[in-house]
Protein chains: 2
Amino acid sequence: MGVKCRNCPIRKLPLFDPMTSDEVEFMEHFKVGELSISPGAPILSEGGNTPQIYTALSGMGLRYKLLEDGRRQVISLVLPGDFIGLQAGVMNQMTHSVEATTSMRLCVFDRSELWNLFRTQPERAFDLTWLAANEERFLGEALAALGQRDAYELLAWALARIWRKLEALQMTNGDTTSLPYRQQDLADAMGLSLVHTNKTLAKLRAARLAIWADGKLTVPDIEELEEAGLCRDTPLGSRPLI
Amino acid sequence: MGVKCRNCPIRKLPLFDPMTSDEVEFMEHFKVGELSISPGAPILSEGGNTPQIYTALSGMGLRYKLLEDGRRQVISLVLPGDFIGLQAGVMNQMTHSVEATTSMRLCVFDRSELWNLFRTQPERAFDLTWLAANEERFLGEALAALGQRDAYELLAWALARIWRKLEALQMTNGDTTSLPYRQQDLADAMGLSLVHTNKTLAKLRAARLAIWADGKLTVPDIEELEEAGLCRDTPLGSRPLI
DNA sequence: TTCTCCGCATTAAACTACGACATAGCTGGA
DNA sequence: TCCAGCTATGTCGTAGTTTAATGCGGAGAA
């Protein structure tokens, strides 16, 4: 898996920014070990304790939250370079669950050490805090910002976004990429029913905008796809200066 | 307006926490003046520059964002104690607009001074950053967290939440409170059409859960109202420790 | 190998919530 | 008195949900 992030990347918002070498080095300082996770296994559970935080070195997963009525809200995908467990609360309690959808390798940090950041590197501390606050954000949220769209545009937007993300991580191969998520995952992320998601994906497929099959995503023409989703990203991810 | 916050309150997340006296004193240091705003007047505009930030001392307003298609997304209410303009970006550019819906009194701070926080008071800096990141959040966002519900539960939840907020600020009077927002504002906040919002409010009124009329909100039985909205707040607002 | 089970994708039919449009009443201000 | 802004209510079309049934490939057991 030809991922750029070697060991302990901080990926700033917007999530596509690569990490500078001294940032990598800086994070090395906090590293306490590595961890392997098998596909389908939970990494962190809502309400659980996390004295440590992780970054994904390889593999994919997703953040989600179980709702009272039994539905599941997917918050975001977990890709190599992402933090996991950063935003756990006062008692280190997680506010959502994280699960691997492929086998994953994780890099482990000691959470308490991170407080040093605030003393030694205020600007980086700002980045981290901001990242933590935003980690909780929903994929669908930014969509709300853009105004409610119908399922067609919603999914076009989501696929285009995922594609761009993977592209930035050099995880695409020509116009195809491997993407171990089920249609149910996508549906949960967008707040649509599985059935309707399926039908809408069929429409996208018929329009030859995005072919989602067999755990693979093929995007013949990304620009066209982005246009179909009116892909105007909100400045939500833009980095503020307080 | 019997608000607790005297001059320059930092209200931590969750937003109901009162400010300690030394925090008040601390913020006094940054204060550079006061400002009066008349009802309906804009305070900050999206894209505009803000060399300063404000806190609301009295009055109410709302944060919103204009969408490309002309609709308006209300982000959140501005109540006494809230920060305004905290999260403006790199060039001090606002990412959304803020408008007063009553006459307001604002306390003015110098933005650049705030960077000192990161050097002198790391923990408070954390609070501030967190607050800034969350200021952008949409009201409807937390709703998405609970899972999309129908308009009825959506509005029940929103009204209950507003009520609790005002209650904490001691801005309620028995089971009635003054609330200078239009139905259009509520609709924009919840992402519903004005017409449907109106009809749904009628249903809530018929059920004697919430009476919204003449700029006043009456809540005969808050517990019942909360239940109607399945009002289980997400821990979204809970303060994390990284 | 073949049978069976199970998770996932697919498609169809009935139902529902919401938006669009239309119309009317109510109030305060010029 | 008229007009503008807000509230209120009815009808109708449609996007999306729900339910249910079918198909299909992979894993495990005989």
Side-chain angles (χ1 to χ4, degrees), chain A residues 38-40 62 67 69-74 99 101-102 140 143-144 147-159 178-206 210-218 229, chain B residues 38-40 62 67 69-74 99 101-102 140 143-144 147-159 178-207 210-218 228-229:
Chain A
S38 50
L62 29 91
L67 309 176
D69 57 7
R71 279 178 302 118
R72 184 183 67 146
Q73 175 71 53
V74 167
E99 176 183 298
T101 58
T102 66
L143 298 172
Q148 312 95 344
R149 354 172 65 137
D150 58 16
Y152 189 78
E153 294 188 348
L154 220 55
L155 285 170
W157 182 90
L159 292 182
S178 162
L179 200 49
Y181 299 110
R182 297 163 306 158
Q183 294 190 1
Q184 182 72 61
D185 296 331
L186 251 197
D188 288 345
M190 295 296 110
L192 298 169
S193 71
L194 169 61
V195 176
H196 198 57
T197 300
N198 181 295
K199 274 191 271 196
T200 309
L201 285 177
K203 267 175 75 182
L204 281 168
R205 193 180 301 131
I211 294 128
W212 172 293
D214 300 329
K216 292 221 187 302
L217 172 64
T218 304
Chain B
S38 50
L62 29 91
L67 308 176
D69 58 4
R71 280 178 304 118
R72 185 183 68 147
Q73 175 70 53
V74 167
E99 178 182 297
T101 58
T102 66
L143 299 173
Q148 310 94 344
R149 355 172 65 138
D150 58 16
Y152 189 79
E153 293 187 350
L154 219 54
L155 285 169
W157 182 89
L159 292 181
S178 161
L179 199 49
Y181 300 109
R182 298 163 303 157
Q183 294 191 358
Q184 182 71 60
D185 297 330
L186 250 198
D188 288 345
M190 295 298 111
L192 298 170
S193 72
L194 169 61
V195 178
H196 197 61
T197 299
N198 180 295
K199 276 189 253 201
T200 308
L201 285 175
K203 267 175 74 182
L204 281 167
R205 192 180 303 128
I211 294 129
W212 172 293
D214 302 329
K216 292 222 187 303
L217 172 65
T218 304

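Just so you know, these numbers come straight off a predicted model, no measurement behind them. Chain identifiers are assigned alphabetically (A, B, ...) following the order of the sequence lines, protein sequences preceding nucleic acid strands; residue numbering begins at 1 within each chain.
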On DNA chain D, more 5' by nearest nucleotide between B:Arg182 and B:Ala202 is B:Arg182
Whole-Å distance, A:Asp150 CG to C:dG19 P, equals 14 Å
For B:Pro39, the side-chain contact (heavy atoms from CB on, under 4.5 Å) test, sequence neighbours excluded, returns B:Ser103
Taken to the nearest whole Å, CG/B:Leu192 to P/D:dG16 is 15 Å
To the nearest angstrom, the OH-C1' distance between A:Tyr181 and C:dG7 comes to 19 Å
A:Lys216 NZ to C:dA9 C1', in whole Å, measures 17 Å
So CG of A:Asp214 and CG of A:Leu179: to nearest 0.5 Å the spacing works out to 12.5 Å
Between CG of B:Leu204 and C1' of D:dT7 the distance, given in whole Å, is 16 Å
Each nucleotide of nucleotides 23-30 of chain C classed B (base within 4.0 Å of a protein heavy atom), S (only sugar-phosphate) or -, in 5' to 3' order, makes --------
B:Gln183 side chain near D:dG5 phosphate (N/O to OP1/OP2, under 4.0 Å): no
A:Asp185 CG to C:dC8 C1', in whole Å, measures 11 Å
Taken in chain and number order and not counting sequence neighbours, the residues that satisfy salt bridge (Lys or Arg N to Asp or Glu O under 4.0 Å) with B:Arg205 are none
Please classify the nucleic acid contact of A:Ala213 as base, sugar-phosphate, or nothing, using heavy-atom distances under 4.0 Å.
nothing
- Looking at B:Asn198, does any N or O in its side chain come under 4.0 Å of the phosphate oxygens OP1/OP2 on D:dT7? no
Closest heavy-atom pair, B:Trp212 versus B:Tyr181, reported as atoms and distance to 0.1 Å, is CZ2-O, 3.5 Å
What one should report as the nearest heavy-atom pair of B:Ala210 and B:Leu217 is CB-CD1, 4.3 Å
Sorted by chain and residue number, the side chain to side chain donor-acceptor pair (under 3.5 Å) partners of B:Thr218 (sequence neighbours excluded) come out as B:Thr176
So CD1 of B:Ile211 and CG of B:Leu201: to nearest 0.5 Å the spacing works out to 11.5 Å
Heavy-atom nearest pair, B:Ala189 first then B:Gln73, reads O-NE2, 3.4 Å
Rounding to the nearest 10°, end axes of the helix from C:dT1-D:dA30 to C:dA30-D:dT1 built from five pairs each make an angle of 20°
Contact list (N/O, under 3.5 angstrom) for nucleotides 18-25 of chain D vs protein:
none

Here the pair of heavy atoms bringing A:Lys216 nearest to A:Ser178 is NZ-CB, 3.9 Å
Separation of C:dT10 atom P from A:Leu186 atom CG, nearest Å, is 12 Å
Here the distance between atom P of D:dT7 and atom CG of B:Leu155, to the nearest Å, is 13 Å
Residue pairs passing the side-chain hydrogen bond (donor to acceptor under 3.5 Å, both in side chains) test with at least one member in residues 193-203 of chain A, sequence neighbours excluded, are A:Gln183-A:Asn198
A:Arg72 meets the side-chain contact (heavy atoms from CB on, under 4.5 Å) criterion, sequence neighbours left out, with A:Leu62, A:Tyr64, A:Leu66, A:Val74, A:Arg182, A:Gln184, A:Asp185, A:Asp188
Closest non-hydrogen contact found for B:Pro180 with B:Thr102 is CG-CG2, 3.0 Å
